[in-house]
Amino acid sequence: MIEITKNEKEKAILVSLNKDHLSNEIITEHLTELEELALTAGAEVLHKIIQNNRPADKATYIGKGKVEEIRLLVENNEKITLLIFDDDLTPIQVRNLEEIIKRKIVDRSGLILDIFATRAKTKEAKTQVELAQLQYMLPRLTRAWTHLSKQYGGIGTKGPGETQIETDRRIIRTRISLLKEKLIKIEKQRSTQSQGRNNFLRIALVGYTNAGKSTLFNLLTDSNVFAENKLFATLDSTTRHLTIKNEKILLSDTVGFIRKLPTNLIASFKSTLSEVKDADIIFHVIDFSHPYYEDHIKVVENTLKNLGCEKTIQYKIFNKIDAVTDHNKIDYVRNTYNNCFIIS
Ligand SMILES: Nc1nc2c(ncn2[C@@H]2O[C@H](COP(=O)(O)OP(=O)(O)O)[C@@H](O)[C@H]2O)c(=O)[nH]1
Ligand SMILES: [Mg+2]
């Protein structure tokens with residue numbers, strides 16, 4: 001049996017399936033980002049495994065051969081406690097993988113939700129994360145999970161029967177309704193607070209996680225919002241007044257976006273993201289020093305579209321110019337993007 005002592009970091013293997021025939025470079029970049037997420041969640045990454053150019057396997061996602069390869073790798077390394085997949089898995093895939101590899105299996109949404117849960121500080125953020133977690137859990141609470149009780153519950157081989165699963169589902173559904181009601185109340189408070197602020201110009205800082213939004217916010221407003229070289233350092237929106245050339249402005253710092261953000265997470269962060277939706281102007285902050293900054297721009301623009309903000313006036317702020325060494329990049333941005341600033 002594997003035991004995890006509290007202070008020891010969990011040792012993980014990252015697994016990616018290249019089902020869309022992406023270049024090696026891009027798949028590697030995606031795994032680097034997944035590693036940053038894993039580090040943020042408190043795990044240490046020992047191996048990264050890529051399964052190339054095949055469709056997802058219904059039973060094991062990555063296919064029998066690859067599963068066997070990982071099983072052998074893990075068998076020889078007791079320290080590895082966890083496998084993290086760069087996509088979402090079905091409950092059946094999770095069950096099969098856990099049964100064969102005998103380690104904990106976490107998918108991308110599960111990992112992001114876990115990080116959000118540890119990062120949530122305010123009542124609003126906590127409520128939103130719990131709602132997203134329960135919504136993630138609900139469809140996964142199926143008979144496929146019976147293996148867990150076989151392993152840990154002990155009594156016979158039955159596992160929770162349909163009745164138990166039904167009861168659990170009912171409890172979760174009730175909790176979900178309660179959390180939704182709570183969020184409606186929080187949203188109402190928010191809109192009451194924002195009445196009387198109609199004569200302010202509302203500006204929201206949005207962007208990929210780690211782009212430098214909070215740092216810029218702190219500079220502009222002389223505040224002290226938590227900024228860190230980690231993903232999702234800030235989950236809550238913070239709003240401050242400032243006056244520039246007699247223009248009264250309300251500036252908001254917001255939660256960052258990332259590739260493949262779980263959809264129920266975006267939905268449950270509706271009230272936090274209202275700062276983005278209600279903005280008169282959006283400042284899209286970009287980490288210009290990142291090799292894949294243009295992919296980040298696309299992810300953010302798609303997320304903004306999903307939020308219904310594509311018509312809001314937008315300025316792009318190419319940040320961290322101090323860390324950009326290739327000057328052709330600067331010319332390229334000047335010629336390609338309208339409405340942009342380049343700063344650090
Ligand atoms: N080199 C450089 N680093 C920056 C700049 N702005 C922010 N950072 C760093 O980028 C990291 C992420 O910043 P943060 O403001 O927390 O990003 P957020 O996730 O978008 O809010 C921090 O380590 C910052 O110190 C910049 O202009 N240049
Ligand atoms: Mg931030």
Side-chain angles (χ1 to χ4, degrees), residues 29 32-41 111-122 124-126 128-129 203-240 242 250-262 265-266 269 271-276 279 281-304 307 309 314-327 329-330 333-334 337 340-344:
E29 158 59 18
T32 306
E33 185 181 274
L34 188 69
E35 181 169 13
E36 279 169 33
L37 284 171
L39 292 176
T40 303
L111 180 69
I112 293 179
L113 286 169
D114 214 71
I115 294 172
F116 269 63
T118 55
R119 295 284 187 175
K121 294 282 179 297
T122 60
E124 181 176 20
K126 283 184 181 161
Q128 293 178 124
V129 175
I203 301 180
L205 295 176
V206 307
Y208 211 74
T209 181
N210 217 36
K213 300 176 294 297
S214 300
T215 311
L216 183 62
F217 180 83
N218 288 341
L219 258 172
L220 291 173
T221 61
D222 206 11
S223 318
N224 208 6
V225 167
F226 187 51
E228 196 189 13
N229 197 11
K230 272 196 172 174
L231 306 186
F232 303 111
T234 21
L235 284 195
D236 297 289
S237 301
T238 311
T239 303
R240 296 267 187 284
L242 77 158
L250 277 181
L251 186 72
S252 298
D253 180 27
T254 63
V255 58
F257 301 148
I258 198 165
R259 196 172 63 85
K260 295 193 220 158
L261 203 56
L265 197 60
I266 300 179
F269 265 69
S271 67
T272 295
L273 289 168
S274 67
E275 309 294 346
V276 180
I281 300 176
I282 288 174
F283 280 165
H284 174 175
V285 184
I286 298 144
D287 176 355
F288 193 22
S289 69
H290 196 284
Y292 289 91
Y293 72 95
E294 286 203 284
D295 288 347
H296 293 181
I297 292 178
K298 280 184 205 137
V299 170
V300 171
E301 288 188 335
N302 276 332
T303 315
L304 286 174
L307 287 170
C309 302
Q314 272 187 49
Y315 291 93
K316 288 193 175 59
I317 299 186
F318 290 85
N319 191 28
K320 306 197 191 181
I321 179 86
D322 56 294
V324 175
T325 44
D326 178 2
H327 285 263
K329 247 171 99 170
I330 301 172
V333 158
R334 286 220 174 95
Y337 296 97
C340 76
F341 301 99
I342 303 178
I343 63 157
S344 75

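Read the numbers this way: they start at 1 and go in the same order the structure lists the ligands and their atoms. All values below were derived from every heavy atom in this structure, side-chain atoms included, with hydrogens, water molecules and symmetry-related copies excluded. Residue numbers count from 1 along this sequence.
Aromatic ring orientation, H290 versus H296: tilted (interplanar angle from 30° to 60°). Below 30°, between 30° and 60°, or above 60°: for Y315 and F341 the angle between ring planes is between 30° and 60°, a tilted geometry.
Counting only distance, with no hydrogens or angles, the side chain of K121 and the backbone of D236 share no donor-acceptor pair below 3.5 Å. Distance alone, capped at 3.5 Å, places no donor-acceptor pair between the Y208 side chain and the Y293 backbone. No donor-acceptor pair under 3.5 Å is formed between the side chain of S237 and the backbone N or O of T254.
When the heavy atoms of V225, T215, D322 are ranked by distance to atom 7 (C) of ligand 1, first place goes to T215. Distances from atom 21 (O) of ligand 1 to the heavy atoms of A323, S214, S289 show the closest one on S214.
Within the coordination shell of the Mg ion (ligand 2), defined by N, O or S atoms under 2.8 Å, T215 is absent.
The closest protein non-hydrogen atom to atom 16 (O) of ligand 1 is E228 N, 3.0 Å. Regarding atom 17 (O) of ligand 1, its nearest protein heavy-atom neighbour is G212 N, 3.1 Å. In terms of protein heavy atoms, atom 6 (N) of ligand 1 is closest to N319 ND2, 3.4 Å. The protein heavy atom nearest to atom 3 (N) of ligand 1 is K320 CD, 3.7 Å.
Ligand 1 places these atoms under 4.0 Å from at least one heavy atom of A227: 14 (P), 15 (O), 16 (O). Residue contact check: S344 has heavy atoms under 4.0 Å from atoms 27 (O) of ligand 1.
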Does the side chain to side chain contact (heavy atoms under 4.5 Å, CB included) test come out yes or no for I112 and I258, once each step is laid out? CA-CA 10 Å; I112 293 179; I258 198 165; 4.0 Å; yes
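Not a single N or O atom of T209, backbone or side chain, sits closer than 3.5 Å to an N or O atom of ligand 1. Inclusion of I321 in the set of residues having an N or O under 3.5 Å from an N or O of ligand 1 is not warranted. Note: an N/O pair closer than 3.5 Å links A211 and ligand 1 by distance alone. Checked by distance only, ligand 1 and K213 come closer than 3.5 Å through their nitrogen or oxygen atoms.
By the criterion of a heavy-atom distance under 4.0 Å, both the backbone and the side chain of N210 are placed next to ligand 1. Heavy atoms of D253 found under 4.0 angstrom from ligand 1: none, in either backbone or side chain.
The number of heavy-atom neighbours closer than 6.0 Å to CG of D322, taken from other residues, nucleotides and ligands shown, is above 12.
Using a cutoff of 4.0 Å between basic side-chain nitrogens and carboxylate oxygens, R119 and E228 are scored as salt-bridged. Residues E301 and K316 are paired through a salt bridge, judged by an N-O separation under 4.0 Å between the basic side chain and the carboxylate.
Side-chain contact, T238 with D253: no donor N or O sits under 3.5 Å from an acceptor N or O.
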